[in-house]
There are 2 protein chains.
Amino acid sequence: MAGLREQWRRTAMRTIQERALDLFDERGFGAVTIEEIATAAEVSPSSVYRYFGTKEGLLVADEFDTMSAATLGELLDPADPVGSLVEVVRRYESPKDGPSDAQGDGRAEVGTAGPWRRVRYFFTEPSVRSAALAAMDRAAVRIAPLLEAGGTVDAAQARVLAHALTFGYFAALETWHDDGGTRPIADYVTEGLAPLRRVWSV
Amino acid sequence: MAGLREQWRRTAMRTIQERALDLFDERGFGAVTIEEIATAAEVSPSSVYRYFGTKEGLLVADEFDTMSAATLGELLDPADPVGSLVEVVRRYESPKDGPSDAQGDGRAEVGTAGPWRRVRYFFTEPSVRSAALAAMDRAAVRIAPLLEAGGTVDAAQARVLAHALTFGYFAALETWHDDGGTRPIADYVTEGLAPLRRVWSV
DNA sequence: GGGTTTTCGGAGAGTCACTGTCAGAACGCG
DNA sequence: CGCGTTCTGACAGTGACTCTCCGAAAACCC
């Protein structure tokens with residue numbers, strides 16, 4: 001099913017991202033060129049653009065972008081979107097893949113390993129932050145119709161609430177980052193978005 | 001008080017923006033270079049960058065960015081931020097400066113004149129949209145501490161709610177734009193953000 | 001398994017947004 | 001009018017990003 005091409009494409013993308021992260025961590029985002037990343041990953045600069053579109057795209061690869069509408073619909077409960085969001089975060093933030101104790105030294109720290117390694121740049125590099133905001137916006141556009149299907153709000157309100165959810169998540173993520181990334185992200189989302197729950201309470 | 005320099009700077013900025021809008025409307029955002037804008041406005045490209053930073057900055061000149069914290073504090077009521085936002089929009093959207101009937105033909109249309117002329121590009125040019133999102137984000141960062149001072153939420157929640165407000169406004173603005181821009185923006189904000197009011201209701 | 005089609009990565013050239021630096025000019029002030 | 005400050009324009013440079021073309025390898029068909 002997964003052809004050779006598709007398979008190689010995935011591994012290539014992962015290695016490109018890892019090499020890029022290595023270079024970014026070493027010398028800073030701005031001081032690394034696409035050409036250097038391409039050389040380090042043993043691909044052409046063209047491929048980096050084909051895969052990720054922009055330099056920021058190397059860090060902001062939105063999982064929601066590739067997620068089908070059906071899958072998204074399963075995850076999100078229109079009656080309790082905040083709860084659904086927390087659940088998604090909690091599931092994605094599994095101990096194995098999460099940032100906690102990735103090096104076995106008993107300490108969790110932002111940017112050491114796991115899928116959250118890249119998140120650090122969301123809040124330190126302005127251009128990356130902007131790209132992350134754009135990703136949140138795209139997610140909101142896809143979530144809005146699902147909220148509308150819930151029934152209690154119209155299309156315009158669903159659009160507003162979808163943005164409130166995704167960017168509220170972003171804000172919670174920043175608080176998590178500012179805190180040093182030790183406690184689970186899901187906790188920050190739960191606490192930070194608590195006031196928003198009132199919107200959907202009877 | 002306003003020295004000659006400051007005065008000339010302001011008029012220069014306005015003419016640059018107007019020339020830029022003219023060119024954008026005529027040939028599209030992507031097809032116009034900074035150099036062409038500079039030539040049309042009879043300034044150097046350096047000045048364009050000095051004034052606006054980026055090409056998108058020509059369209060996304062955020063009023064909140066230049067607004068002092070004190071002024072912002074006066075406008076925003078922590079007990080009813082949604083109402084404050086509606087009030088600010090209503091005041092800014094005065095009939096004279098607004099998009100309504102600017103040509104005296106009895107029709108209001110998006111992008112014909114007034115301060116809302118540039119808003120059209122927020123929702124048609126991806127890079128401009130991204131810049132607008134970044135401006136909303138900056139506004140949220142400034143608003144958050146004011147919400148916290150209200151007393152009912154902590155810092156993390158204030159950050160979430162500030163983002164919910166600013167990006168909710170953005171969403172309402174898009175609905176307004178999609179509708180053709182005939183009805184007042186304040187109406188869209190009022191209706192779109194209505195569910196968010198529940199957050200602050202007793 | 002051989003021939004055809006389709007797809008995809010690499011190479012190269014080109015555009016343009018954006019960043020510095022620097023010298024000169026205009027302004028503000030005494 | 002003279003002096004220090006501030007702003008402007010000119011210039012060169014960097015690098016992100018786009019576009020096009022070509023060869024190779026995978027996918028498809030028999």
Side-chain angles (χ1 to χ4, degrees), chain A residues 1-17 19-21 23-24 26-61 66 121 125-132 134-135, chain B residues 1-17 19-21 23-24 26-61 66 121 125-132 134-135:
Chain A
M1 353 228 105
L4 278 183
R5 249 175 181 150
E6 184 65 16
Q7 203 165 352
W8 199 80
R9 174 192 170 93
R10 290 188 187 281
T11 62
M13 285 184 71
R14 218 188 6 249
T15 62
I16 292 172
Q17 270 186 318
R19 293 297 161 207
L21 256 312
L23 290 171
F24 291 159
E26 185 186 335
R27 292 157 42 198
F29 181 80
V32 178
T33 68
I34 294 284
E35 196 177 340
E36 291 170 329
I37 296 170
T39 303
E42 293 177 323
V43 295
S44 75
S46 313
S47 297
V48 179
Y49 285 109
R50 235 192 303 279
Y51 292 149
F52 299 100
T54 67
K55 190 179 178 184
E56 289 77 19
L58 284 163
L59 297 169
V60 186
T66 58
Y121 292 94
E125 282 296 325
S127 68
V128 180
R129 182 184 187 107
S130 189
Chain B
M1 354 232 100
L4 278 183
R5 249 176 181 152
E6 184 65 16
Q7 203 164 351
W8 198 81
R9 174 193 170 93
R10 289 189 187 281
T11 63
M13 285 184 72
R14 221 191 359 254
T15 62
I16 292 172
Q17 270 185 318
R19 293 296 160 208
L21 256 311
L23 290 171
F24 292 159
E26 184 187 337
R27 292 158 42 199
F29 181 80
V32 179
T33 68
I34 295 284
E35 197 176 340
E36 291 171 330
I37 295 170
T39 304
E42 292 176 324
V43 294
S44 74
S46 312
S47 296
V48 179
Y49 284 111
R50 239 190 302 277
Y51 291 150
F52 299 100
T54 67
K55 189 179 179 185
E56 289 77 19
L58 284 163
L59 298 169
V60 186
T66 59
Y121 292 93
E125 280 298 324
S127 69
V128 180
R129 183 182 187 109
S130 189

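Numbers restart at 1 for each chain; the letters A, B, ... are given by sequence-line order, proteins then strands.
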Quiz item: Do B/Tyr51 and B/Arg9 come close enough that some side-chain heavy atom pair is under 4.5 Å?
Solution: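 A side-chain contact under 4.5 Å exists here.
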
Practice problem: State, with a plain yes or no, whether a side-chain heavy atom of B/Val60 is found less than 4.5 Å away from one of B/Thr54. | Solution: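 A side-chain contact under 4.5 Å is absent here.
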
Exercise. Give a yes or no on whether A/Arg19 atom CZ has more than 12 heavy-atom contacts from other residues, nucleotides or ligands under 6.0 Å away.
Key: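 Result for CZ/A/Arg19: open.
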
Quiz item: For B/Arg10, does the CZ atom sit with more than 12 other heavy atoms under 6.0 Å from it, leaving out its own atoms?
Solution: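 Open: at most 12 neighbouring heavy atoms sit under 6.0 Å from CZ of B/Arg10.
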
From [atom1] of [X] over to [atom2] of [N], roughly how many Å is that when rounded to an integer?
{"X": "A/Glu56", "N": "C/dA17", "atom1": "CD", "atom2": "C1'", "answer": "13 Å"}
{"X": "B/Arg9", "N": "D/dC7", "atom1": "CZ", "atom2": "P", "answer": "7 Å"}
{"X": "B/Ile34", "N": "D/dG9", "atom1": "CD1", "atom2": "C1'", "answer": "16 Å"}
{"X": "B/Glu35", "N": "C/dA17", "atom1": "CD", "atom2": "C1'", "answer": "12 Å"}
{"X": "A/Arg10", "N": "D/dA26", "atom1": "CZ", "atom2": "P", "answer": "18 Å"}
{"X": "B/Lys55", "N": "D/dA16", "atom1": "NZ", "atom2": "C1'", "answer": "14 Å"}
{"X": "B/Leu58", "N": "C/dA17", "atom1": "CG", "atom2": "C1'", "answer": "12 Å"}
{"X": "B/Ile16", "N": "D/dC7", "atom1": "CD1", "atom2": "C1'", "answer": "13 Å"}

Show the distances under 3.5 angstrom between N or O atoms of the protein and N or O atoms of nucleotides 23-29 of chain C.
from   : atom 1 : to     : atom 2 : distance (Å)
C/dA26 : N3     : B/Arg5 : NH2    : 2.9
C/dG28 : OP1    : B/Leu4 : N      : 3.0

Exercise. Step by step, work out the side-chain contact (heavy atoms from CB on, under 4.5 Å) result for A/Met13 and A/Phe52.
Key: CA-CA 8 Å; A/Met13 285 184 71; A/Phe52 299 100; 3.7 Å; yes

Quiz item: Under 6.0 Å from the six-membered ring centre of A/Phe24 and within 45° of its axis: does the NZ or CZ of A/Lys55 meet both?
Solution: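 Negative - A/Lys55 is either too far from the ring of A/Phe24 or too far off its axis.
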
Quiz item: Does A/Glu56 reach the main-chain N or O of A/Ala131 with its side chain, forming a donor-acceptor pair under 3.5 Å?
Solution: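 Not a single qualifying donor-acceptor pair exists.
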
Practice problem: Look only at the side chain of B/Glu36 and the backbone of B/Thr33, and say whether a donor-acceptor pair between them is shorter than 3.5 Å. | Solution: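 Side chain of B/Glu36 to backbone of B/Thr33, a donor-acceptor pair under 3.5 Å: yes, one is there.
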
Practice problem: Using the test side chain to side chain contact (heavy atoms under 4.5 Å, CB included), find all partners of A/Thr15 that sit at least two apart in sequence or belong to another chain. | Solution: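 By the side chain to side chain contact (heavy atoms under 4.5 Å, CB included) rule, A/Thr15 matches no residue at all.
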
Quiz item: Among residues 42-54 of chain B, which contact DNA chain D at a heavy-atom distance under 4.0 Å?
Solution: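 Contacting residues: B/Val43, B/Ser44, B/Ser46, B/Ser47, B/Arg50, B/Tyr51.
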
